[in-house]
Amino acid sequence: MVNEVFEQTKANMDKSIEALKRDFGTLRTGKVTTAIVDNIKVNYYGNPTPLNQVGSVIATDATTIAITPWEKPLLGAIEKAIQEANIGVNPNNDGDFIKLFFPPMTTEQRQDIVKQAKAMTEHAKVSVRNVRKDGNDKVKKLEKEKEISEDESKRAQEQIQKITDEHIVKIDELFKAKEADILKV
């Protein structure tokens, strides 16, 4: 029973780390990635639809993203969605496709993005700590229901803390790597 709690706790903490990696993917670094536009939704026949489902999105070089809609009438809707998303650039519509030109980042912009990454990191740590609390609560419930002894409960909570510490270290390592990537000119 306690092993099930460990496995579930570890799996949920792993999910928090995966969510952090996805969040980091939306941050701009020195080189532009298409992940920057992943969260943009386009009004597609009245339904908010992810941008990558209404056209092809490719990074043509280190500072440019090209978006080619599958239906030409969507150009205006895509352009409007990008402007509303406020990602730091204005879309250039040439009638066939939209290009986003990202200027090189300033030191100040890089520091702002590092702050965003730090906030995402803290959010992931809070998430991991919440998972730890849930795991400890399950162990205490097992102890209360006399399914495990007090000593087993204490050992289990110590094990959950070790799992938590390992995940916090992973999160810190991810942040350090992302910070270096963002600040690299």
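Heads up: numbering here begins at 1 and tracks the sequence. Since the structure is predicted, the reported quantities are computational estimates derived from the model, not experimental observations.
- Separation of atoms CD (Q109) and CD1 (I182) is listed at 12.0 Å; rounding is to 0.5 Å.
- Under the 4.5 Å side-chain criterion, counting only non-hydrogen atoms from C-beta, K140 is in contact with Q157.
- Distance CG/L183 to NZ/K178: 11.5 Å, rounded to 0.5 Å.
- The CG atom of N92 sits 8.5 Å away from the CD atom of E79 when rounded to the nearest 0.5 Å.
- Look at K141 and D137 and you find no salt bridge, because none of the NZ, NE, NH1 or NH2 atoms lies under 4.0 Å from a carboxylate O.
- If you take CG on N12 and CZ on R132, they are separated by 14.5 Å, rounding to the nearest 0.5 Å.
- When hydrophobic clusters are built by joining Ile, Leu, Val, Met, Phe, Trp and Tyr residues whose side-chain heavy atoms come closer than 4.5 Å, directly or via intermediates, F24 is not grouped with I40.
- No hydrogens or angles considered: nothing links the side chains of Q111 and T107 as a donor-acceptor pair under 3.5 Å.
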Self-check item: Verdict with supporting geometry, V128 and T164, side-chain contact (heavy atoms from CB on, under 4.5 Å)
Solution: CA-CA 7 Å; V128 165; T164 303; 3.8 Å; yes
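- Both I87 and V54 belong to a single network of hydrophobic side chains, linked directly or stepwise wherever heavy atoms of I, L, V, M, F, W or Y lie under 4.5 Å apart.
- Environment of CD in E158: crowded, with over 12 heavy atoms of neighbouring residues, nucleotides or ligands closer than 6.0 Å.
- I78 and F97 are not part of a single hydrophobic cluster, where members link through side-chain heavy atoms under 4.5 Å apart.
- For the side chain to side chain donor-acceptor pair (under 3.5 Å) with D165, the lone residue among K162, H167, Q161 that qualifies is Q161.
- With hydrogens and angles disregarded, no donor-acceptor distance shorter than 3.5 Å links the side chain of Q53 to the backbone of P50.
- Side-chain atoms of Q116 and L27, non-hydrogen and from C-beta on, do get closer than 4.5 Å to each other.
- With salt bridges taken as basic N to acidic carboxylate O contacts below 4.0 Å, one links K10 and D14.
- In this structure, the side chains of Y45 and E71 come closer than 4.5 Å at one or more pairs of heavy atoms.
- Hydrophobic clustering keeps F102 apart from I113 (ILVMFWY residues linked when any side-chain heavy atoms are closer than 4.5 Å, directly or through intermediates).
- Between the CG atom in L100 and the CD1 atom in I67 there is a gap of 4.5 Å [rounded to 0.5 Å].
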Practice problem: Check step by step if side-chain contact (heavy atoms from CB on, under 4.5 Å) holds for T64 and V32. | Solution: CA-CA 7 Å; T64 310; V32 174; over 6 Å; no
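- Not a single donor-acceptor pair under 3.5 Å links the side chain of K170 to the backbone N or O of I17.
- Formation of a donor-acceptor pair under 3.5 Å by the R110 side chain with backbone atoms of K184 is found in this model.
- Here the closest non-hydrogen pair linking P69 and L74 is CB-CB, 4.2 Å.
- Shortest non-hydrogen contact noted between G95 and L75 is O-CD1, 3.1 Å.
- Here the shortest heavy-atom pairing between V2 and A156 reads CG1-CB, 3.6 Å.
- Between V57 and N52 the shortest heavy-atom distance is CG2-CA, 4.2 Å.
- The two residues V5 and G135 make their nearest non-hydrogen contact at CG1-O, 3.7 Å.
- Between atom CE of residue M13 and atom CG of residue N130 there is a gap of 9.5 Å, rounded to the nearest 0.5 Å.
- No donor-acceptor pair under 3.5 Å is formed between the side chain of S127 and the backbone N or O of H123.
- I36 and L20 fall into different hydrophobic clusters, where Ile, Leu, Val, Met, Phe, Trp and Tyr side chains are chained together by heavy-atom contacts under 4.5 Å.
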Practice problem: Could you check K99 against D94 for side-chain contact (heavy atoms from CB on, under 4.5 Å), going step by step and ending with a plain yes or no? | Solution: CA-CA 8 Å; K99 281 196 172 182; D94 78 347; over 6 Å; no
Quiz prompt | F6 vs T9, side-chain contact (heavy atoms from CB on, under 4.5 Å): CA-CA, chis, key distance, verdict | solution = CA-CA 5 Å; F6 293 155; T9 300; 5.8 Å; no
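- Within 6.0 Å of CD on E145 lie more than 12 heavy atoms contributed by other residues, nucleotides or ligands.
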